[in-house]
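Presented below is the structure to which this report refers.
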Amino acid sequence: MRTKIVAGNWKMNKTPAEAKALIAAIRAELDGLDCPVEVVVCPPFVALAVAAEALKGSRIGLGAQTMHAAASGAFTGEVSAAMLVETGVKYVILGHSERRTLFGETDAAVNAKTQAALAAGLTPIICVGETLQEREANRTADVVTSQLKGSLAGLGAALERCVIAYEPVWAIGTGRTATPGQAQEVHALIRRVLAELAGGKVANGVRIQYGGSMKPDNAAELMAQPDIDGGLIGGAALKADSFAAIVKAGC
Ligand code: 13P
């Protein structure tokens, strides 16, 4: 049995003061809820310390949205895994499509970051997904397989400590969600690739989130699919009521 995991990717939204207020509102909805879903919020770097404080005493975990693979050094503007850990961070999103397309992150870079995150004790949430053009050219399986093989190379059994997020690029921020059938098909493929990489036992334990216009009204149906183990939520994670409704849909 895999524990579902719902994470909010706040992207470049919420100042520290706004983050504190949003976390208070999320806690008002979720503290005391009897539900096995693992819940994570991922604010921007500058809000992480305030968020860690605001999350004290709750079972909601804290995540970052990216990190650098190196331990320290001349990497102006970047943040290391150790810095995140000391701030109270437990999860880190790696290889989000916005990082890949807007900031040139390659599979090799995602792989290096994943290794560094695991070495620091963080849980990486590694994102993969095809563009609309790739889907229409029937290249979804090839693209996702090659992203997985590149991003997860050499991890072996440590793969069991990773979370994978399938985020079809055409569904991100567009209001156009993959149908449960479309998403399940790719999630099943992802699990087959994980089995190739690390064996069936490890693959069966890895949580695979769906991301891309997940909302309160489609979350339950998506998360009811056999290989969909939660969600990575963008827009709907910026409001406490919609984020909480998605968490509850996974309970
Ligand atoms: P939306 O939920 O806004 O489509 O964003 C999904 C996403 O990119 C989460 O990482």
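Just follow the structure's listing: the first ligand is 1, and inside any ligand the first atom is 1. These values consider heavy atoms only, across backbone and side chains, with no hydrogens, waters or symmetry-generated copies. Predicted model only: the values in this text are computed from it and were never measured.
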Is the closest basic N to carboxylate O distance between Arg135 and Glu130 below 4.0 Å? yes
Run the numbers for me: atoms of ligand 1, each under 4.0 Å from some heavy atom of [X], listed by number.
X	answer
Gly173	1 (P), 3 (O), 4 (O)
His96	7 (C), 8 (O), 9 (C), 10 (O)
Gly212	4 (O), 6 (C)

Have a look at ligand 1 and work out which part of Ala171, if any, has a heavy atom under 4.0 Å from it: side chain, backbone, both or neither. backbone
Tell me which part of Ile172 gets within contact of ligand 1: side chain, backbone, both or neither, using heavy atoms under 4.0 Å. both
Would you say [X] has any N or O atom under 3.5 Å from an N or O of ligand 1, going by distance alone?
X	value
Thr174	no
Gly211	no
Ser213	yes

Give me the nearest non-hydrogen protein atom to [atom] as residue plus atom name, then the distance to 0.1 Å.
atom	result
atom 3 (O) of ligand 1	Gly235 N, 2.8 Å
atom 9 (C) of ligand 1	Glu167 OE2, 2.9 Å
atom 2 (O) of ligand 1	Gly234 N, 2.9 Å

Find the distance between CG (Leu232) and CD1 (Ile164) and round it off to the nearest 0.5 Å. 12.0 Å
Give me each pair satisfying side-chain hydrogen bond (donor to acceptor under 3.5 Å, both in side chains) with a member in residues 203-214, each pair once, sequence neighbours excluded. Glu38-Arg207
So, Asn13 side chain and Trp10 main chain: donor-acceptor pair closer than 3.5 Å or not? yes
Considering the options Phe103, Phe45, Phe75, which one meets the ring pair (Phe, Tyr, Trp, His ring centres under 6.0 Å) requirement together with His68? Phe75
Does any pair with a residue in residues 178-202 pass ring-ring contact (aromatic ring centres under 6.0 Å, His included), and if so which ones, sequence neighbours excluded? Tyr166-His187
So which heavy atom on Ala219 is nearest to which on Ala249, and how close? CB-CB, 3.9 Å
Closest non-hydrogen contact found for Leu55 with Gly61 is CD1-O, 4.2 Å
Give a yes/no verdict on whether any heavy atom in Lys215 is under 4.0 Å from an atom of ligand 1. no
